[in-house]
Number of protein chains: 2
Amino acid sequence: MTPRRRDPARGPTTRQRILEAARELFARRGVERVTMRDLAHTIRLTPAAIYLYFRDKAALIRELVENDFRTFSGRLGRLARIADPVERLQELGHAYVEFGISYPNHYRLLFMTPHPPDAAAVVGAAVAPGQGRPEEDAYALLMATVQECIDTGRFRPEYQNAAQVAQMIWACVHGVVALHIVMGDDPWLTWQSPTRTVAMLIETLERGLSVTPP
Amino acid sequence: MTPRRRDPARGPTTRQRILEAARELFARRGVERVTMRDLAHTIRLTPAAIYLYFRDKAALIRELVENDFRTFSGRLGRLARIADPVERLQELGHAYVEFGISYPNHYRLLFMTPHPPDAAAVVGAAVAPGQGRPEEDAYALLMATVQECIDTGRFRPEYQNAAQVAQMIWACVHGVVALHIVMGDDPWLTWQSPTRTVAMLIETLERGLSVTPP
DNA sequence: ACGATCAACTAAACGATGTTAACATGAACG
DNA sequence: CGTTCATGTTAACATCGTTTAGTTGATCGT
């Protein structure tokens, strides 16, 4: 299913060429508006050739999206060096929204479309630990930061459940991004800039969470 | 395009039968997993017959969704009788989430899928005033309530832009619903109940917005 | 030098989808 | 009684993802 090149020195593998072209097309037109024939045509291949390297369209999409998300997750990971947990939380939110606005089509795939249960994952059941999907890492970082806020007494006493608070925050930033992607250019209401909205939202939320009203 | 019945007394119009069956099927399986042939078959009709009453699948979906949303909008409208604007805001949020959780497929269509610019709307340009789409009404109600909160001095002075605040709130509740719909049964993270999450979220947000910290 | 092997690809089709064009039918009516 | 027209049906079309059966050309053992 994944043939090896004879001469790895010369040029990119066909598999990589497929991935590159798909990334380009998907990001520009969105997955459902890119046909396998389109994709094959831009690589000057036959549609069937793609199926030598990917089980089906869904598998191709999955691999692409996981790649991009890994870089996103890495970018978020760099924010782990911020000492103050509350400040870190804010920066996480901003980075999240910035990613969603910059790569709306990737974002839609990751967070706005129900993922049909991956056939391989269903049979494979247990995944290698620590090797988990990148979205888990990002979520773990969020949870850890929230937990740190709780442990250092930055939050009001009613916020003890880190998962609960993390999901609240996630819902907020996701909501801003998702609404902007879906209805961003609906003319019937004047949208505020998503970055401004999320900035104000995070600020407000933090004040609601914090124990010290300035 | 929309033929009239000869004997309106006898039984429901074919058009209505299509709508009813479509509503049932769409709500159960989701739009993209219901084919025109499926739909026609349950009415004991030929697929082509549907096209006597609806221009295409998208038009059928639009009409269905607009209907359901009108009832939702009406339900929200009943909350307008709540005197206290802050309390009204909270109830609006809860009703919103309850709708999204109860009718996930309708919600996805309304708020989670980009609407291709309606051909009729593009040529028709101006719609009859007051006859606007129901989502506008719901949004107007939200905006008005926020404005009332601002006018009666319930919010901190930095929140003067009603549209901005309304979109913050909308983003929050939408985020809770949308995440739940898309990742609600992903096993890798333990989701809190959406109603609990949104309750806590609204409470937190309100404390962040309000001028008086209790 | 040569036949066998096999990765890498193509040609052609299949089944499902939304949609349309051409034809049937049967009640209503002058 | 013949015309009209609403209301269907039958059969096809184009497009989609995908599969099956071949083709090709480099590589390799002998």
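Chain A is the first sequence line, chain B the second, and so forth, proteins listed ahead of strands; every chain is numbered from 1. Every heavy atom of this structure was used, including side-chain atoms; hydrogens, water molecules and symmetry mates were not.
Take S193(B) and apply the side chain to side chain donor-acceptor pair (under 3.5 Å) test, not counting sequence neighbours, and it matches T195(B). In this structure, the side chain to side chain contact (heavy atoms under 4.5 Å, CB included) partners of A58(B), at least two apart in sequence or on a different chain, are D56(B), R62(B). In terms of the side chain to side chain contact (heavy atoms under 4.5 Å, CB included) criterion, residue partners of A21(A) (sequence neighbours excluded) are, by chain and number, L39(A), T42(A), I43(A). Here R28(A) pairs with E24(A), L25(A) under the side chain to side chain contact (heavy atoms under 4.5 Å, CB included) rule; sequence neighbours left out. Taking R29(A) as the reference, D38(A) meet the salt bridge (Lys or Arg N to Asp or Glu O under 4.0 Å) condition, with sequence neighbours excluded. With sequence neighbours excluded, the residues satisfying side chain to side chain contact (heavy atoms under 4.5 Å, CB included) with D68(B) are R23(B), H106(B). Considering only residues two or more places apart in sequence or on other chains, E203(A) meets the side chain to side chain donor-acceptor pair (under 3.5 Å) condition with none of them.
Within residues 22-33 of chain A, no residue is approached by DNA chain D to less than 4.0 Å at the level of any non-hydrogen atom. Within residues 35-49 of chain B, the residues approaching DNA chain D are R37(B), L45(B), T46(B), A48(B), A49(B), by heavy-atom distance under 4.0 Å.
A straight line from CG of D56(A) to C1' of dT18(D) spans 9 Å, rounded to a whole angstrom. As rounded to whole Å, 15 Å separates atom P of dG18(C) from atom CZ of F54(B). When the P atom of dG17(D) is taken as reference, atom CZ of R55(A) falls 17 Å away, rounded to whole Å. Regarding L52(A), its CG atom lies at a distance of 17 Å from the P atom of dT23(D), rounded to whole Å. Taking atom NZ of K57(A) as the reference point, atom C1' of dC16(D) lies 8 Å away to the nearest angstrom. With rounding to whole Å, I50(A) atom CD1 is found 13 Å from dC16(D) atom P.
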Between protein and nucleotides 22-24 of chain C, what N or O pairs are separated by less than 3.5 Å?
none

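Surrounding CZ of R196(A) are at most 12 heavy atoms belonging to other residues, nucleotides or ligands under 6.0 Å away.
The salt bridge (charged side-chain N to carboxylate O under 4.0 Å, His left out) contacts involving residues 90-104 of chain A comprise nothing, where partners must be two or more places apart or lie in separate chains.
In terms of phosphate contacts, Y51(A) brings no side-chain nitrogen or oxygen within less than 4.0 Å of OP1 or OP2 of dC9(C).
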For residues 161-176 of chain A, please give each side-chain donor-acceptor pair under 3.5 Å, one per line with the distance, not counting sequence neighbours.
| unit_1 | atom_1 | unit_2 | atom_2 | d |
| --- | --- | --- | --- | --- |
| N161(A) | OD1 | A163(A) | N | 3.2 |
| N161(A) | OD1 | Q164(A) | N | 3.3 |
| Q164(A) | NE2 | T197(B) | OG1 | 2.9 |
| Q167(A) | OE1 | Q192(B) | N | 3.0 |
| Q167(A) | NE2 | Y139(A) | OH | 3.2 |
| Q167(A) | NE2 | T190(B) | O | 3.0 |
| W170(A) | NE1 | Y96(A) | OH | 2.9 |
| H174(A) | ND1 | Y107(A) | OH | 2.7 |

**Prompt:** Would R15(B) and E63(B) count as a side chain to side chain contact (heavy atoms under 4.5 Å, CB included) if you check the C-alpha gap in whole Å, the side-chain angles of each, and the deciding distance to 0.1 Å?
**Reply:** CA-CA 11 Å; R15(B) 191 167 200 279; E63(B) 180 152 340; 2.8 Å; yes

